[in-house]
Protein chains: 2
Amino acid sequence: MGELDAVLKEKGVKLTEQRRRLLEKALLQHKHFSAEELYETLRQKRAGISRATVYRTLKLLAAHDVLDVHDFDRGYHLYESRLGRHHHDHLVCLKCGRITEFENPDIESEQEKVARHYHFKIVSHSHKIYGLCHRCRVGN
Amino acid sequence: MGELDAVLKEKGVKLTEQRRRLLEKALLQHKHFSAEELYETLRQKRAGISRATVYRTLKLLAAHDVLDVHDFDRGYHLYESRLGRHHHDHLVCLKCGRITEFENPDIESEQEKVARHYHFKIVSHSHKIYGLCHRCRVGN
DNA sequence: CTCACTTTGAGACTGAGTCTCACTTTCATA
DNA sequence: TATGAAAGTGAGACTCAGTCTCAAAGTGAG
Ligand SMILES: [Zn+2]
Ligand SMILES: [Zn+2]
Ligand SMILES: [Zn+2]
Ligand SMILES: [Zn+2]
């Protein structure tokens, strides 16, 4: 966590006690998680962090590129740590909800071509493919 | 509108008076619109359609592929008619909100490769590139 | 007609996320 | 160590897009 501490300090983000406790849990989650899930986990561990702080901190971390935020049409956001990970996009199963990650350099570079064509400066992008995953296809 | 009538009938969707009035307005919008915007327009024209019916009908039309629904991180959805249009994806300006459409066959076919690789059956996809549009870059 | 089925509207309700504001913590400077 | 401005926090009120309820109205086959 010392590394993270440094990363955040560099960005001018104070690592308060609440934020440290939140990060400890958030970074352990090896998959996508929601604000409410995280809040509930922290509440049960008596971590002493309010719902407001959970939402505020997740937003802050996302703004500083420590977390990615995803909207998979569930009515709430899912978060995912970016630390030590490559950019990737997602396949979302409409039946079981399973999320599969993929990386495709050709798509990434085509995007840049598109942006160049429109004189558009890319800041981020979101590419989601919805459908049926391997397991869910079988029954169809 | 006779064509649309046929399209809907075929899908088992009754074209009631309210739905017809909603479609009349929705299909005239040549750009992306929100449910509230549409409701407000209809209300001002005294079209006699409730908010509940607007939301219900938009959902119904989206389910039958008459409309596309987009989430551009505004906290509400935008809709767009699919009738007589090609599939396209979007560039979204973070500063002025402008939405630009693009079509890129290479990205589309790479997506299919990705899906094939994961034995995933694509139903739909959403590809959004966020950043600064041509006009907004100038000031930066 | 008639009866079952569908659609509609007014307004209550939901739920993720934000805001307020009094209180606490942090930290630079004295 | 003292001090005060600035930043962070918690409880709970609030927002607001979207959904639900249920009584009333429309539709349509027989
Ligand atoms: Zn990507
Ligand atoms: Zn991911
Ligand atoms: Zn596409
Ligand atoms: Zn579009």
Side-chain angles (χ1 to χ4, degrees), chain A residues 4-6 8-26 32-64 66-80 97, chain B residues 5 8-26 32-64 66-80 97:
Chain A
L4 182 59
D5 199 307
L8 291 175
K9 272 233 171 62
E10 181 191 334
K11 292 177 176 176
V13 177
K14 277 189 205 163
L15 191 53
T16 65
E17 204 35 47
Q18 282 90 337
R19 290 176 184 171
R20 186 189 300 282
R21 291 199 290 259
L22 185 149
L23 272 163
E24 235 166 61
K25 283 281 163 287
H32 312 83
F33 60 93
S34 72
E36 288 296 324
E37 264 166 45
L38 182 60
Y39 170 61
E40 190 52 27
T41 303
L42 291 166
R43 207 180 56 72
Q44 282 174 10
K45 303 265 190 219
R46 306 267 187 285
I49 303 181
S50 70
R51 178 180 269 106
T53 295
V54 169
Y55 277 96
R56 273 191 295 237
T57 305
L58 289 175
K59 202 174 188 180
L60 181 76
L61 295 171
H64 287 86
V66 175
L67 298 178
D68 262 343
V69 194
H70 304 297
D71 184 329
F72 292 130
D73 294 349
R74 295 188 181 194
Y76 53 85
H77 293 136
L78 291 185
Y79 296 84
E80 162 175 43
Chain B
D5 199 306
L8 292 175
K9 272 234 171 61
E10 181 191 332
K11 292 176 176 176
V13 178
K14 275 189 207 166
L15 191 54
T16 64
E17 204 35 46
Q18 282 88 338
R19 289 177 185 169
R20 186 188 301 280
R21 292 199 290 259
L22 185 150
L23 272 164
E24 236 166 62
K25 283 280 163 285
H32 312 83
F33 60 93
S34 72
E36 288 295 325
E37 264 167 45
L38 182 59
Y39 171 59
E40 189 51 28
T41 303
L42 290 166
R43 206 179 57 72
Q44 282 174 10
K45 303 263 190 219
R46 305 269 188 284
I49 303 181
S50 69
R51 177 180 269 106
T53 294
V54 169
Y55 277 97
R56 273 191 295 236
T57 305
L58 289 175
K59 202 174 190 180
L60 181 76
L61 294 171
H64 287 86
V66 176
L67 298 178
D68 263 344
V69 194
H70 304 297
D71 184 328
F72 293 129
D73 294 349
R74 297 189 181 194
Y76 52 85
H77 293 136
L78 292 186
Y79 296 83
E80 164 175 40

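Throughout, protein chains are lettered first and strands after them, A, B, ... in sequence-line order, and every chain is numbered starting at 1.
The side chain of B:His77 places no N or O atom within less than 4.0 Å of a non-bridging phosphate oxygen (OP1 or OP2) of D:dA17.
Atom OH in B:Tyr76 sits roughly 20 Å away from atom C1' in D:dT19 (whole-Å rounding). The distance between atom NZ of A:Lys14 and atom C1' of D:dT9, rounded to the nearest whole Å, is 12 Å. In this structure, B:Glu40 atom CD and D:dC16 atom P are separated by 15 Å, rounded to whole Å. To the nearest angstrom, C1' of D:dG8 lies 13 Å from CD of A:Glu17. Distance, B:Glu36 CD to D:dT19 C1': 13 Å, rounded to whole Å. Summarising the geometry, the separation between CZ on B:Phe33 and P on D:dA17 is reported as 16 Å, rounded to the nearest angstrom. Between the CG atom of A:Leu15 and the C1' atom of D:dT9 there is a distance of 15 Å, given to the nearest Å.
For DNA chain C, the contact window with chain A, defined by any atom under 4.0 Å from a protein heavy atom, covers C:dA16 to C:dT20 in 5' to 3' order.
Taking the six-membered ring where tryptophan is involved, the planes of B:His70 and B:Phe72 are essentially parallel, since the angle between them stays under 30° and well short of 60°.
The line from CG of B:Leu67 to CG of B:Leu78 is 12.0 Å long, rounded to the nearest 0.5 Å. Note that CD1 of B:Ile49 is 8.5 Å distant from CD of B:Glu17, once rounded to the nearest 0.5 Å. With rounding to the nearest 0.5 angstrom, the CD atom of B:Gln18 is 8.0 Å from the OG1 atom of B:Thr57. The distance from atom NZ of B:Lys45 to atom CZ of B:Arg43, rounded to the nearest 0.5 Å, is 12.5 Å. B:Lys59 contributes atom NZ, which lies 11.0 Å from atom CZ of B:Arg56 (distance to the nearest 0.5 angstrom).
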### Query
Passes salt bridge (Lys or Arg N to Asp or Glu O under 4.0 Å), A:Glu24 versus A:Arg21? Steps please.
CA-CA 5 Å; A:Glu24 235 166 61; A:Arg21 291 199 290 259; over 6 Å; no
Requested in this report: Walk me through it: do A:Leu58 and A:His77 pass the test side-chain contact (heavy atoms from CB on, under 4.5 Å)?
Outcome: CA-CA 11 Å; A:Leu58 289 175; A:His77 293 136; over 6 Å; no
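Within residues 46-62 of chain A, the residues approaching DNA chain C are A:Ala52, A:Tyr55, A:Arg56, A:Lys59, by heavy-atom distance under 4.0 Å.
Taken over five-pair windows at either terminus, the axes of the helix from C:dC1-D:dG30 to C:dA30-D:dT1 are inclined to one another by 30° (rounded to 10 degrees).
The side-chain heavy atoms of A:Glu37 and A:Glu40, taken from C-beta on, include no pair separated by under 4.5 Å. Residues A:Leu23 and A:Leu61 are in side-chain contact: their nearest non-hydrogen atoms beyond the backbone lie under 4.5 Å apart.
The shortest heavy-atom contact between A:Tyr55 and A:Ala35 is CE2-CB, 3.6 Å.
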